[in-house]
Amino acid sequence: MQDTTAPYEENLEALDPKKHIIIKRARVNNLKNLSVAIPRNKLVVVTGLSGSGKSSLAFDTLFAEGQRMYVESLSSYARQFLGRMEKPEVDYIKGVSPAIAIEQKVNTRNPRSTVGTTTEIYDYLKLLFARVGVTYSPISGKKVSKDSVTDVINYINSYEEGTKVMVGCPLKMKDDRDLKQELNILLSKGYTRVIVDGDVLFIEDLIENGSDLNENTGIEILIDRAVVKPGDEDTQYRLSDSVQTAYFEGIGDCYIHIIGSRIKHFSDRFEEDGMKFQEPNVNFFSFNNPYGACRTCEGFGKVLGIDRDLVIPDKSLSVYDGAIAPWRSETMKKWLAPLLKDGIRFDFPIHRPYSDLTEEQKDLLWSGNEYFEGLNAFFKFIESKTHKIQYRVLLSRYRGRTVCPDCRGTRLRKDASYVKVDGKSITDIVLLPIEKVIEYFNNLSLSENDQNIARRLLKEINNRLSYIQRVGLGYLTLNRMTSTLSGGEFQRIKLATSLGSALVGSMYILDEPSIGLHPRDTERLVGVLKSLRDMGNTVIVVEHEEEVMMAADQIIDIGPDAGVHGGELMFQGTLDDLNDSNSHTADYLLGRESIPVPSSRRKWKDSVKITGALENNLKNISVKFPLDVLTVVTGVSGSGKSTLIKKILYPGIGKILGTVSEATGKFDKLEGDYEKITQIEFVDQNPIGKSSRSNPVTYVKAYDTIRQLFADQPLSKQRGYKPSHFSFNVDGGRCETCQGEGVVKIEMQFMADIYLTCESCKGKRFKQEILDIEHNGKNIADVLDLTVEESLEFFAGKTPIINKLQPLYDVGLGYIGLGQSSSSLSGGEAQRVKLASYLGKNNRDNKDHILFIFDEPTTGLHFHDITQLLNSINALVEQGNSVIIIEHNMEVIKSADWIIDLGPEGGEKGGNICFEGTPEEMIKIPDNHTSRFLKTKL
């Protein structure tokens with residue numbers, strides 16, 4: 001390997017830190033004294049094999065130093081809380097700009113966080129509706145308004161100068177007073193006249209001669225008499241004061257009498273059609289505020305209710321065959337008996353599959369009639385018996401989160417939807433795909449006054465919406481929960497937010513922003529990254545995607561291999577200079593190496609069929625999923641892949657097996673050979689453990705055997721140590737200061753929390769007496785510090801341990817540490833740890849048939865690693881299982897036995913089946929985005 005580091009070190013001193021970010025001798029994680037100069041205001045791609053040290057350079061060295069330098073710039077008071085921030089292991093870094101890291105991890109699980117709030121678009125929308133929104137009555141559709149004092153004065157001034165006017169208001173009687181008492185009180189307040197049927201009378205005369213008047217006579221208090229003088233300031237002030245008084249005395253009502261002409265009624269109450277409305281303000285549209293949140297779901301958009309999909313899990317069954325799950329048991333059959341016996345009386349088809357019933361018949365099952373009690377009555381009965389444990393258990397089995405019926409899942413109070421801007425309410429807007437929202441704002445028509453108020457708001461809204469569209473997320477809605485986004489989608493949302501804030505002179509570090517993007521959409525992403533660079537920022541992207549590398553101003557390749565065999569600078573320069581490099585990246589980009597196309601495709605006969613899928617943007621499609629083969633589901637971003645697999649196929653089969661309780665999307669029926677499937681596993685990119693003590697060695701169940709090995713050592717037996725003494729999850733042998741975590745968390749309030757090495761155990765996690773126990777010269781802490789590759793060598797001959805660890809190495813994770821915290825693993829690494837745990841179980845001897853679903857397993861993988869991944873996934877199929885992969889990577893698509901392509905576009909224009917068949921058949925079809933890119937690979 002050519003030594004590219006030495007010449008760099010000689011030249012580093014000569015470089016200008018104003019033009020370069022200079023890193024000298026970085027030693028973080030597996031970096032081997034790596035020195036590099038990154039040019040400023042350029043798009044730089046850092047690439048290399050998984051685990052070669054890319055993230056160590058970009059995030060753990062460069063970003064960590066940028067953050068540390070920011071802390072150094074704070075006051076000494078703030079620094080006393082932050083002062084111990086670790087400096088990355090590096091000789092020096094010069095020329096660091098303020099750093100912004102945008103990672104793949106969806107680091108919010110907050111159920112109130114949405115796409116709208118994350119991008120700040122919702123804050124501007126709230127302000128827009130509060131300032132220019134118009135309230136309409138839901139009864140008549142009339143505009144709801146109230147008359148301000150200015151409106152009344154303008155009305156008076158619209159008459160000719162010299163016109164006589166009277167300002168009056170209705171006399172509002174109190175319940176405990178008669179008319180005489182009310183008139184006496186008016187006198188004491190200083191009023192002298194009233195208006196009765198258009199005549200002005202003195203109050204005193206009325207008290208004396210008013211025996212013929214009763215409480216129902218329309219009496220007005222005469223507040224003031226004046227002459228119209230628009231130019232006279234004193235008259236204007238006087239009339240304004242009188243109108244205000246009229247509103248006060250008339251409890252919101254005021255009458256203006258134009259002498260000899262007409263009487264006009266004004267009201268300062270916000271009412272229409274006898275309904276009182278709330279005046280719009282910012283909190284009125286905030287679901288994170290008790291004032292604006294929906295009263296039913298309290299601003300969460302979902303309520304805990306009876307999940308219909310859990311009650312009727314298999315929609316291909318008829319009522320007679322047991323479609324209604326809670327009525328299958330011996331005790332509960334009595335609820336079903338009247339329906340089976342008397343169904344003929346009201347023409348109910350008890351032998352027809354549930355999916356074929358009409359909507360009226362389905363509703364009848366829930367509401368019941370005079371012949372039988374429906375499911376609603378059944379669950380009411382169960383709820384009345386919840387003092388008994390068996391009924392509580394039964395109820396919990398059928399409870400699930402369902403969309404709030406009051407707010408349609410928009411989280412806002414119902415009357416917020418009465419406020420509209422150009423015909424649409426805020427609830428309409430947040431439920432539309434962003435591309436439709438852009439259309440709405442482009443065609444928005446406002447009055448001149450409203451335009452002046454909204455100009456600045458609209459500029460911010462349009463700016464942010466256009467960036468979301470440009471990063472390929474136009475199919476999302478603003479109401480979409482942030483926690484339901486994939487890692488790549490979340491990262492691109494953060495990228496759009498950064499672009500919207502228009503920072504310059506910063507250093508953006510991105511972790512594989514192309515994840516989850518179809519090659520068609522990657523072109524748009526490259527444009528966005530270039531915009532960020534052209535604004536005057538340094539953009540550093542950790543990436544494996546070919547198109548992004550092609551667009552980079554400079555490529556930094558780290559390798560040659562992963563883990564201990566990586567951490568060296570293989571190449572730095574432009575794409576044209578790559579010919580001189582002998583790295584894996586150069587081999588694949590220049591075509592010297594490639595992933596082979598399978599010599600033959602597997603044949604299949606069994607399949608599972610979904611009919612009438614309608615969830616989200618799916619257009620009532622029917623799809624066949626073959627079993628015993630490797631199937632890839634593809635299509636442009638937002639075409640409906642995740643909806644079809646995650647929301648319909650996975651919960652649909654999972655509920656029949658009784659292992660999944662998630663809500664199922666709308667579809668008619670599930671048919672085919674699903675009885676063949678004994679287990680369904682969804683291998684996604686969520687962290688492998690919620691605890692910070694969770695790590696790969698515990699996840700693949702190898703740690704139990706390792707602990708037993710240490711407990712079997714002579715010194716352990718002498719001291720009476722059990723396997724639990726070598727666990728960092730329970731008291732006994734672990735360090736009590738850090739509870740076996742090795743690090744102590746310091747909460748930073750307004751900044752990200754800081755993790756520092758525990759001072760008691762120096763990061764070893766265990767007490768000193770436990771560390772005295774050794775096997776082959778290493779204690780338990782040393783073993784946890786080994787990488788998977790090193791541990792295979794260390795435990796040679798210990799078959800039970802090797803069998804558990806070998807699959808980790810086989811899926812390309814030989815470089816990760818056994819005790820590495822699962823929170824430090826990327827989404828793709830976590831997914832491959834899960835894959836390794838299944839491979840370790842080896843199903844070949846079993847009669848189980850597991851359906852594996854993978855969600856973009858190539859995340860974070862270099863071309864070289866994809867070969868290993870495909871070998872591992874094919875091993876699952878060879879063990880007698882079925883695999884379905886949601887994927888955009890052409891190397892995986894060309895290796896599939898069967899392709900299902902959705903599209904043709906994303907969002908509203910997606911949701912159709914464009915193709916089903918083999919890769920060879922696919923490249924023959926014209927005008928297809930996937931086919932266009934696949935042709936170049938076959």
Side-chain angles (χ1 to χ4, degrees), residues 4 8 15 19-23 34 36-50 52-59 61-63 95 97 99-104 470-472 488 491-492 495 498-499 506-515 517 519-559 568-592 858-864 888-890 933:
T4 48
Y8 251 99
L15 291 172
K19 293 183 180 168
H20 293 85
I21 299 161
I22 303 160
I23 302 171
L34 189 140
V36 67
I38 299 169
R40 280 177 172 282
N41 301 347
K42 299 283 183 207
L43 172 56
V44 179
V45 168
V46 182
T47 190
L49 265 63
S50 307
S52 59
K54 306 180 300 298
S55 296
S56 298
L57 175 68
F59 291 96
T61 305
L62 205 48
F63 175 63
S97 312
I100 296 155
I102 305 177
E103 297 187 72
Q104 300 166 21
R470 282 180 64 191
V471 295
Q491 190 178 19
R492 294 199 295 284
L495 180 60
S498 298
L499 282 161
S506 299
M507 178 170 72
Y508 282 91
I509 303 174
L510 287 95
D511 190 7
E512 298 193 61
S514 69
I515 289 165
L517 277 187
R520 196 276 313 254
D521 302 305
T522 309
E523 296 164 8
R524 288 190 203 164
L525 175 73
V526 167
V528 171
L529 295 175
K530 286 181 173 173
S531 310
L532 203 53
R533 174 199 65 188
D534 297 342
M535 282 159 66
N537 298 299
T538 307
V539 183
I540 298 165
V541 186
V542 175
E543 187 57 271
H544 299 110
E545 181 60 47
E546 203 172 324
E547 275 183 76
V548 182
M549 288 192 221
M550 300 283 193
D553 298 316
Q554 207 170 67
I555 295 173
I556 295 173
D557 187 17
I558 297 174
E568 298 174 41
L569 183 67
M570 299 297 294
F571 167 79
Q572 180 176 10
T574 62
L575 196 66
D576 300 335
D577 306 331
L578 203 59
N579 286 315
D580 306 329
S581 173
N582 59 356
S583 69
H584 289 300
T585 305
D587 289 344
Y588 279 93
L589 281 180
L590 301 171
R592 299 194 293 240
T858 58
T859 299
L861 285 188
H862 188 273
F863 307 107
H864 188 68
H888 299 108
N889 186 290
M890 289 298 150
F933 290 96

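The figures here come from the full heavy-atom set of this structure, side chains too, leaving out hydrogens, waters and symmetry mates.
Applying the side-chain contact (heavy atoms from CB on, under 4.5 Å) test to K42 and every residue at least two apart in sequence or in another chain returns P39, V44, D553.
Rounding to the nearest 0.5 Å places CG of L517 at 11.0 Å from CD of E523. A distance of 9.5 Å separates CZ of R470 from CG of L495, quoted to the nearest 0.5 Å.
Smallest separation of non-hydrogen atoms from L15 and A37: CD1-CB, 3.4 Å. A pairwise comparison of heavy atoms in L510 and F59 identifies C-CZ, 4.0 Å as the closest pair. Minimum heavy-atom separation, S581 to A586: O-CB, 3.6 Å. For the residue pair I555 and A552, the shortest heavy atom distance occurs at CG1-CB, 4.3 Å. In terms of heavy-atom proximity, R592 sits nearest to N579 at NH1-O, 3.8 Å. Here the closest non-hydrogen pair linking E512 and L861 is OE1-N, 4.4 Å.
Using cut-offs of 30° and 60° on the angle between ring planes, the pair F863 and Y588 is parallel.
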*Apply the test side-chain hydrogen bond (donor to acceptor under 3.5 Å, both in side chains) to residues D577 and T574: give CA-CA distance (whole Å), side-chain angles for both, the deciding distance (0.1 Å), then the verdict.*
CA-CA 5 Å; D577 306 331; T574 62; 3.1 Å; yes
*Take T47 and H862, measure what side chain to side chain contact (heavy atoms under 4.5 Å, CB included) needs, and give me the verdict at the end.*
CA-CA 8 Å; T47 190; H862 188 273; 4.2 Å; yes
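Under 3.5 Å, the side chains of T538 and R533 contain no donor-acceptor pair of N or O atoms.
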